[in-house]
Structures are given as structure tokens and as C-alpha cells.
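Just so it is clear: chains get the letters A, B, ... in the order the sequence lines come, proteins before strands, and each one is counted from 1.
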Protein chains: 2
Amino acid sequence: MKEFLRTKGFKMTPQRELIFRSFFELGEHVSVDELYDKVRDLDQSIGYSTVWRNLKLICKVGLAEEVNLGDGITRYDRVTKVPHGHLFCLSCKKLEEFPVEQLVGILAQTAGDRDFSPEHFKIEIHGLCNDCQNKAIDENNNGADDE
Amino acid sequence: MKEFLRTKGFKMTPQRELIFRSFFELGEHVSVDELYDKVRDLDQSIGYSTVWRNLKLICKVGLAEEVNLGDGITRYDRVTKVPHGHLFCLSCKKLEEFPVEQLVGILAQTAGDRDFSPEHFKIEIHGLCNDCQNKAIDENNNGADDE
DNA sequence: TTGAAAATGAAAGTCGATTTCATTTAGGCG
DNA sequence: CGCCTAAATGAAATCGACTTTCATTTTCAA
């Protein structure tokens, strides 16, 4: 990793090492705050802006990309081989993935037909995950019938 | 429209009337600032927060919905009969639409397979529109070859 | 070893979205 | 018609995530 960064003109530091490692240990779709919390557990002295800047760096060197679900929080998604879409639970904010090869094919064609040069496809399903659907049902059974 | 709002417990005011009308006169994907500018041309005295609140109201009563393209600006998209995706130009920010019936069918199935209750589908292609591709080419031909 | 370029941490700044609060207005009711 | 209460308004303050600034420290190639 040190070599990889050096070839791109960046230096390695203990903070960066820790931040990169933590990022890849956390799952997908990490927010700055989540990463900052994790990093802070390991080194109290690392600043928020350092975490933020390194997350940006991870994107710049092509290892992750920003995901914006419209809830005001930018998440950072590891770049993986396989393109995927997101199932975003509006209630608990959990994010699941699903494969989208077929869809991306259709979208690429759509773009081509319109002389639009696609850089990135975004396919999301917003709704309620199974857990939150069940919770909603429970609440209806137990709660008062207000509103 | 006044009746429509009354049945939902909202009152009609001159400001609201003007804001609603302006919103529907502007095309799709209107931002608060765009609407505020237009409304301001017609009535200098209307405040930003009133425009914002009425835009939210338009969403609440189901006539529009928020669109977030990840550029930090919330746009408001009139709810239309036909579901559509967005072609978003990363350079000039222009937004085009394209039909997505077929895709939505596939996505609904995907959601169903996973016991996910979909509320909303988001299908976007981010990239460069034809104009901006050409601009980029022009710049390469004329400009210096600085990295 | 050394010096320029890059990185860091704390704090301040940015900017769109949202809320607060004092005041005004709409519209149902007698 | 006037009255009254809930809703609406406008200005200003606040929020909160993101981004930048700046003084200082660190990396690493020569």
C-alpha cells in the first residue's frame, strides 16, 4: 500500500496507515463519523479532518467512491469488481446490495442512444427492510389507533 | 387547488398561490433557489422560508418529490404518471429524463425476492451530456497540454 | 542529513436546510 | 359582519455535515 501510494505522489504516515486499515476492516458504505469513531478507539490523537481527508484520498486513488442516499450523509463504498445497486431502508438506514449487471447493460444502451457518456450508474430501491416492516406491524397491533 | 388544500387542513394565502403557480410553471427538478428567484420577480416581499416551506408542502400533499443527485442541492420533481430515471450531467448539471418501466419491473422483483418493501426507485446515470463532451474535446484541441 | 513537499490537528468557515419567534392572516362560526 | 383560533408568514438564528485554513510536524528523495 505504501508503494501504491508513493507511485501516485502520496506519502505514508502512521495516521494514514491506521485510517486505511480501519476503512477496509469496516464493511461497505462507511460514513466519516463511523470511521472516525473506529479510528479514535485506536488512536485518540487523530483528528477528524485527517480522517476525512484520507477518506477522500481513498476515493481519489480509486479504492472507494462516494455514495449519496439523500439522507444528508455521505457514505464511502469500497470499489468492487461487481457493479451493484442498493436497497436502502428508510427506517433503520441499513443498506443491502444486489447485483445489477443486467440493468447496467440496459442503462448503458439508454445512455448511448442519447449520446450521453456515462461515468457512473446509480440504482437504488428505497423502502422498508423486512425487519422494519415487521416492527411497523407490531406497533400497529399494540399501539393506540391515533391518527 | 384551494379546495384540495382545505380538505387536507391547509389554508390558501396569496403567497402560497403564487408559489404553487410558479412551481408548476417552472419545469421539472426545481431547486429552492430557482423557485425563490422566480417568486421574487413577482413579489419582492415573499421570504425564502415561505418558499421553502411551501415546496415541502407541495411534497407533503403528493404533488412533487425531492430529488437528490449528490451535488448538495435538493431538487423538487413534479410527480408524474410515468416513472422516469435521470441522466445527470456532472459538468453542466443539466438533467434529462428517460422512461424506466421495464427497469422498475425488474427492481420490483428484486425487492420482492428479498422481502424488501419498495417505496421508491432511483435510477440515475451520471456522466457527460453531448454538449459537455464536445466542449471537452474542443478544450483538448485548443488548450495547452498541462496535466 | 537536509530541505521541499506533503500531512496533520484544531479551529474556523461554508452553505444549504431547517427552526424559532413575534406577528399577521385565513376562514369557520355565531 | 366581527371574532377567534389555527395556520401561515418573514426575518433571523440555528443546525449540521462538509471543507478549508493555518501553523506545525513529518516524510522521504537527493
Side-chain angles (χ1 to χ4, degrees), chain A residues 1-23 29-37 39-40 42-61 64-77 93 147, chain B residues 1-23 29-37 39-40 42-61 64-77 93 147:
Chain A
M1 177 58 78
K2 180 170 176 176
E3 271 314 305
F4 172 73
L5 286 177
R6 247 231 318 284
T7 63
K8 295 182 179 266
F10 301 107
K11 296 172 177 175
M12 183 47 80
T13 65
Q15 294 94 333
R16 176 159 294 165
E17 158 105 47
L18 183 56
I19 292 167
F20 273 52
R21 192 147 41 76
S22 298
F23 174 73
H29 339 108
V30 179
S31 67
V32 187
D33 284 352
E34 282 165 7
L35 182 55
Y36 179 59
D37 285 349
V39 165
R40 267 293 176 120
L42 301 170
D43 184 342
Q44 253 283 316
S45 72
I46 295 183
Y48 175 91
S49 49
T50 298
V51 173
W52 178 79
R53 277 185 293 233
N54 275 289
L55 220 25
K56 287 291 197 185
L57 181 64
I58 291 172
C59 292
K60 194 185 295 188
V61 299
E65 52 191 30
E66 301 193 357
V67 180
N68 194 307
L69 284 322
D71 67 344
I73 306 295
T74 301
R75 274 159 253 253
Y76 295 81
D77 201 357
K93 312 295 179 192
E147 160 58 16
Chain B
M1 176 58 75
K2 180 169 173 176
E3 270 316 303
F4 172 72
L5 287 177
R6 245 231 321 282
T7 62
K8 294 180 180 267
F10 302 108
K11 296 173 178 176
M12 183 48 78
T13 66
Q15 294 93 332
R16 176 160 294 165
E17 157 106 47
L18 184 56
I19 292 168
F20 273 52
R21 191 145 43 75
S22 299
F23 175 72
H29 340 109
V30 179
S31 67
V32 188
D33 284 352
E34 282 164 7
L35 182 56
Y36 179 59
D37 286 348
V39 164
R40 266 296 176 118
L42 302 170
D43 183 343
Q44 253 285 317
S45 72
I46 294 182
Y48 176 90
S49 49
T50 299
V51 173
W52 178 81
R53 277 185 293 231
N54 274 289
L55 221 24
K56 287 291 199 185
L57 181 64
I58 291 172
C59 292
K60 194 185 292 186
V61 299
E65 52 191 29
E66 301 193 357
V67 180
N68 195 306
L69 284 322
D71 67 345
I73 306 293
T74 302
R75 274 160 253 252
Y76 295 83
D77 202 358
K93 314 294 179 192
E147 156 63 16

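- Considering only residues two or more places apart in sequence or on other chains, B:R6 meets the side-chain hydrogen bond (donor to acceptor under 3.5 Å, both in side chains) condition with B:E3.
- Within the structure, every pair that satisfies the salt bridge (Lys or Arg N to Asp or Glu O under 4.0 Å) test and touches residues 43-58 of chain B, not counting sequence neighbours, is listed here: B:K56-B:E66.
- For the atom pair OH (B:Y76) and CG (B:L35), the distance works out to 10.0 Å, reported to the nearest 0.5 Å.
- Not counting sequence neighbours, the partners of B:R40 by the side-chain hydrogen bond (donor to acceptor under 3.5 Å, both in side chains) test are B:Y36, B:Q44.
- The salt bridge (charged side-chain N to carboxylate O under 4.0 Å, His left out) check on A:D37 picks up nothing, with sequence neighbours excluded.
- Whole-Å rounding puts the B:I19 CD1 to D:dA8 P distance at 12 Å.
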Reading 5' to 3' through nucleotides 15-23 of chain D, protein heavy-atom contacts under 4.0 Å coded B for base, S for sugar-phosphate only, - for none | --SSBBB--
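- If you take CD of A:E17 and P of D:dC28, they are 11 Å apart, rounded to a whole angstrom.
- Each of B:M12 and A:V51 was assigned the nucleotide of DNA chain C with the nearest heavy atom; the assignment lying further toward the 5' end belongs to A:V51.
- Rounded to a whole Å, the CZ atom of A:R6 is 14 Å from the C1' atom of C:dA6.
- With sequence neighbours excluded, the residues satisfying side chain to side chain contact (heavy atoms under 4.5 Å, CB included) with B:K8 are B:F4, B:F10, B:V61.
- Side-chain nitrogen and oxygen atoms of A:T13 include none within less than 4.0 Å of the OP1 or OP2 phosphate oxygen of C:dA6.
- Regarding B:I58, its CD1 atom lies at a distance of 13 Å from the P atom of D:dA8, rounded to whole Å.
- Contact check, B:Q15 against D:dG10: a side-chain N or O comes under 4.0 Å of OP1 or OP2.
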Summary of protein contacts for nucleotides 2-7 of chain D, nucleotide by nucleotide, where a base hit scores B, a sugar-phosphate-only hit scores S (4.0 Å, heavy atoms) | ----BS
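- Applying the side-chain hydrogen bond (donor to acceptor under 3.5 Å, both in side chains) criterion to B:E17, with sequence neighbours excluded, gives no partner residue.
- Here C:dG9 presents its C1' atom at 13 Å from CG of A:N54, a figure rounded to the nearest Å.
- Residues that satisfy the side-chain hydrogen bond (donor to acceptor under 3.5 Å, both in side chains) test with A:D71, not counting sequence neighbours, are A:R75.
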